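Only a predicted model underlies this, so the values are computations on that prediction, with no experimental measurement involved. All chains are named by letter (A, B, ...) in the order of the sequence lines, taking the proteins before the strands, and each is independently numbered beginning at 1.
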Amino acid sequence: MLTGIDTETTGRDFFHAAKPYFVSISDSEGEQSYWEWNVDPLTRQPVIPPGDLDEIDGVIETADELVLQNTKFDVAALKSVGLPYGPWPWEITQDTLIAGHLLASNQPHDLTTMALVYIGLNISPFEKRLEEACTEARRYAKSHYPTWMVAREGLPGFPSIKGSKEDKKKKDEKDKVWKNDGWLPRAVCLHEDRKRPKEDCEHIWDGWDCKKCQGHRWWIVLSEYAIPDPFVTVKVFEKQRELMQKKGLYEIYQERLRCLPVAYEMERSGVTISKTTLDQLRKIYERESEEAGGVCVKIAKGIGYELELPKASNNNSLLHFCFGEPEIDEKEIKCPLCKGKKPKIPSGDGGGVFVCKKCRGSGVSIDPRKPRKEWLQLPVVHTTDSGAPSLKKKAMEIYKETLEDGPQKTFVRNLAGKRKRDTMLTYADDYEHFWHPWIPVGAVDPKTGAGWCILHPNLNPTGTNTLRWSSSSPNEQNISKQGMFCTHCWGDGCLRCGGEGLDARNLRYAFGPAPGREWFSLDFSNLELRIPAYESGEEAMIELFERPDEAPFFGSYHLLNASIIYPDLFWPLAEQEGEFKKRYKASWYQWCKNGSFALIYGCQEKKFDATTHRKGGYSLLKQKMPKLFQLGQKMIDHANKHGYVETIPDQAISPGRGYPIGCSRTSYGKISPTIPLNYHVQSTACWIMMRAMIKVHEYLKTCGGDCRIVLQVHDELVLDMPAGRGKEPWKTNLPKVRRVQSLMTECGTDVGIPLTTSREYHAKSWGEGLSV
DNA sequence: TAACTGGGCGCC
DNA sequence: AGGGCGCCCAGTTA
């Protein structure tokens with residue numbers, strides 16, 4: 001018998017103050033029960049009768065098979081009130097979110113949508129009504145009970161509650177502020193002793209009041225919404241299971257389920273960050289940002305412009321200073337085609353085609369703006385998607401290369417430097433927003449953890465259209481690893497930077513092992529290159545990976561590409577090891593490298609040739625690596641025929657089928673030709689990583705000493721282990737780390753891709769690694 | 001004021 | 001027609 005479980009919570013931050021206040025359970029025959037707890041509006045904490053916990057624990061303990069929508073969330077919620085008493089029974093747990101992604105990776109996976117899709121049931125009216133009640137109750141409580149903890153941005157203990165945003169395509173539901181206040185309507189009723197609806201009354205609602213029993217609906221608006229959920233979950237899953245079995249996907253599903261406890265444990269473990277180091281970095285960034293900003297303002301002032309710098313990225317003051325201010329008020333511009341009043345949107349390609357969004361692509365080119373040409377007068381080298389001059393990083397890099405020394409160049413350098421530091425500062429803010437003081441397990445002296453904090457980033461294995469995981473609150477997958485130029489001398493060397501020019505202190509320096517611990521990071525080498533190379537059988541590339549120590553490429557994919565697209569430049573230098581790279585480091589080598597990455601990410605001929613600064617380069621590559629391009633075509637054909645591509649089948653799990661990855665169509669009904677190969681490769685890479693994580697997690701549990709995975713950055717795992725001892729402390733854990741490496745590489749074998757992993761030891765910080 | 005859009009940028 | 005994310009800021013619109 002399947003048992004569905006669902007919880008309603010006061011928020012998502014179970015490592016902070018969020019708690020469940022409603023638990024509902026249903027079996028597949030519709031036998032339902034629920035526990036609703038009053039939330040103290042002054043503390044947002046539920047008041048839980050102890051007997052309830054026993055009952056819920058009993059249900060979980062005795063169930064044959066459980067099913068939840070996003071199990072990891074509910075398990076974290078229940079754990080925050082001590083449930084279940086034992087470990088969560090993952091081995092009998094099914095998950096509709098995992099199933100939903102497998103059956104339709106690029107479709108929404110919220111329960112409301114899936115109920116409609118899989119069992120034709122529309123539960124949105126319940127949600128709609130709850131939203132109305134919550135919104136009203138929130139307004140009411142804010143004005144009548146100002147001391148109540150109504151959800152809002154900045155509410156202590158609930159860092160995930162952010163303003164309110166809605167990304168239509170995404171799982172935005174959770175980001176709506178009212179969602180955290182499902183308990184509030186009832187709390188108002190309780191506090192004001194409003195009349196309860198009678199249980200046996202067949203209500204006739206007039207607004208929020210029942211005409212028959214005079215009860216107020218806010219008492220039950222949450223339970224009306226929440227009680228059916230577990231039953232819906234059960235029914236959705238029954239259908240999903242049937243579909244998965246029919247499509248031959250059930251083995252994949254079962255393996256995929258195993259990543260849930262891994263993600264759950266990673267979230268619980270969290271990742272340590274040094275407050276001391278972050279404070280130091282912050283001070284440096286703040287000072288340098290202010291310094292660089294000051295230079296910008298001063299230059300502007302010198303030209304007679306009162307520049308108001310943006311806090312980050314752009315504002316009109318800055319853009320007008322750099323590119324001139326339009327004389328005509330843009331609000332007055334009319335679309336020349338439809339004569340609409342609000343065209344405003346210049347269409348792409350930088351040509352300044354001022355037509356509205358609807359009329360784009362018509363080719364009419366009228367730019368009614370007359371920029372005033374005083375002030376900085378930067379040339380336009382990059383445009384935004386809507387055709388306006390852009391000050392993005394890439395554009396500024398071009399300015400730095402091409403402008404003569406003078407105010408323009410100085411301005412751009414300082415602006416770029418300021419931006420970079422400001423970006424890092426907003427990241428740092430985010431970490432502080434979510435962190436807790438770190439307290440070592442079993443610490444006797446509370447000072448042991450001083451200077452260290454811990455973050456519990458959220459990991460979402462179904463957060464992308466592919467098999468990549470996403471991460472949030474904070475995102476552990478975009479932590480800066482770049483160096484940056486000294487704002488004082490901009491790389492020419494000075495006393496402050498010690499002549500180095502580059503300051504390597506990025507935010508990764510703040511992350512690292514807490515006292516008594518050490519980190520190892522393990523990377524799959526060239527994971528996303530090896531997959532298409534071996535799969536297609538492209539000899540030139542395979543050769544590269546098989547013989548990484550041999551001339552003339554020494555395992556470098558970029559050099560291989562360079563030899564093909566720049567034969568005239570590469571071969572004359574081929575006999576001198578490293579010469580091509582050395583001589584053209586900032587030009588041809590860099591451009592080729594950019595092009596290589598663009599290619600992996602799916603760019604087309606035009607973009608590749610532009611990126612590599614060599615017309616015809618793409619075509620040469622195609623001639624030299626026909627099998628690679630044939631694989632791309634094969635994926636395109638498959639996607640066009642079926643609407644999805646598949647990962648390479650895993651011989652150990654499901655030899656017949658790979659994981660289907662849906663390829664969305666553009667508004668013109670076509671699948672973009674860049675998508676299929678990219679999805680296939682990216683997802684196969686992630687499948688490998690997922691299997692690796694399952695194996696590694698299982699192995700580390702047997703190691704003792706609290707060894708765990710703390711970070712996953714797509715092709716990299718970071719392990720947190722007890723610190724070794726002696727002169728070469730890494731040697732203590734090295735055998736275990738080697739074992740982890742072989743578990744990782746094994747996963748390539750099952751999909752036919754030979755893999756290698758690289759290994760680094762981090763004694764103090766993620767920013768500095770030692771190859772050991 | 002809230003919601004929404006666009007630009008920008010960090011990672012792989 | 002350059003893939004996948006999360007997140008922030010600025011400015012406009014409902």
Does a nitrogen or oxygen in the side chain of [X] sit under 4.0 Å from OP1 or OP2 of [N]?
X: A/Arg419; N: B/dC9; value: yes
X: A/Ser470; N: C/dG6; value: yes
X: A/Gln477; N: C/dG4; value: no
X: A/Lys481; N: B/dC12; value: yes
X: A/Asn314; N: C/dA10; value: no

Checking contacts here: which listed nucleotide ([options]) is nearest the side-chain heavy atoms of [X]?
X: A/Lys393; options: B/dC11, C/dG6, B/dG10; answer: B/dG10
X: A/Ser390; options: C/dG3, C/dA1, B/dG8; answer: B/dG8
X: A/Thr464; options: C/dC5, B/dC11, B/dC9; answer: C/dC5

Name all residues meeting the side-chain contact (heavy atoms from CB on, under 4.5 Å) criterion together with A/Ala416; count only those two or more places apart in sequence or in a different chain, and write none if there are none.
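With sequence neighbours excluded, A/Ala416 shows a side-chain contact (heavy atoms from CB on, under 4.5 Å) to A/Met396, A/Lys400, given in chain and number order.
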*Taking the side chain from A/Arg421 and the backbone from A/Glu286, do they hold a donor-acceptor pair closer than 3.5 Å?*
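Not a single qualifying donor-acceptor pair exists.
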Original post:
If only atom types and distance count, is the side chain of A/Glu288 paired as donor or acceptor with the main-chain N or O of A/Lys418 below 3.5 Å?
Top reply: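 No; zero donor-acceptor contacts below 3.5 Å.
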Handout entry: Pair A/Glu136 + A/Arg139: basic N to acidic O under 4.0 Å
Key =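 Answer for the salt bridge query: no.
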Discussion item. Regarding A/Glu127 and A/Lys179, does a basic nitrogen lie under 4.0 Å from an acidic carboxylate oxygen?
Written reply: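 Salt bridge between A/Glu127 and A/Lys179, a charged N being under 4.0 Å from a carboxylate O: yes.
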Side chain to side chain donor-acceptor pair (under 3.5 Å) with A/Ser525: which residues, sequence neighbours excluded?
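Per chain and number, A/Ser525 pairs via side chain to side chain donor-acceptor pair (under 3.5 Å) with A/Thr756.
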Suppose we screen for ring pair (Phe, Tyr, Trp, His ring centres under 6.0 Å). Which residues come up paired with A/His101, at least two apart in sequence or across chains?
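A/His109, A/Tyr659.
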Once side-chain hydrogen bond (donor to acceptor under 3.5 Å, both in side chains) is applied, what residue pairs with a partner in residues 609-620 of chain A remain, sequence neighbours excluded?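 Found A/Asp568-A/Arg614.
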| Residues touching DNA chain C, which here means a heavy atom under 4.0 Å, drawn from residues 604-618 of chain A |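 Listed by number, they are A/Gln604, A/Lys607.
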Pairing string of DNA chain C (Watson-Crick or G-U wobble, both atom distances under 3.5 Å; | = paired to other strand) is ..||||||||||||
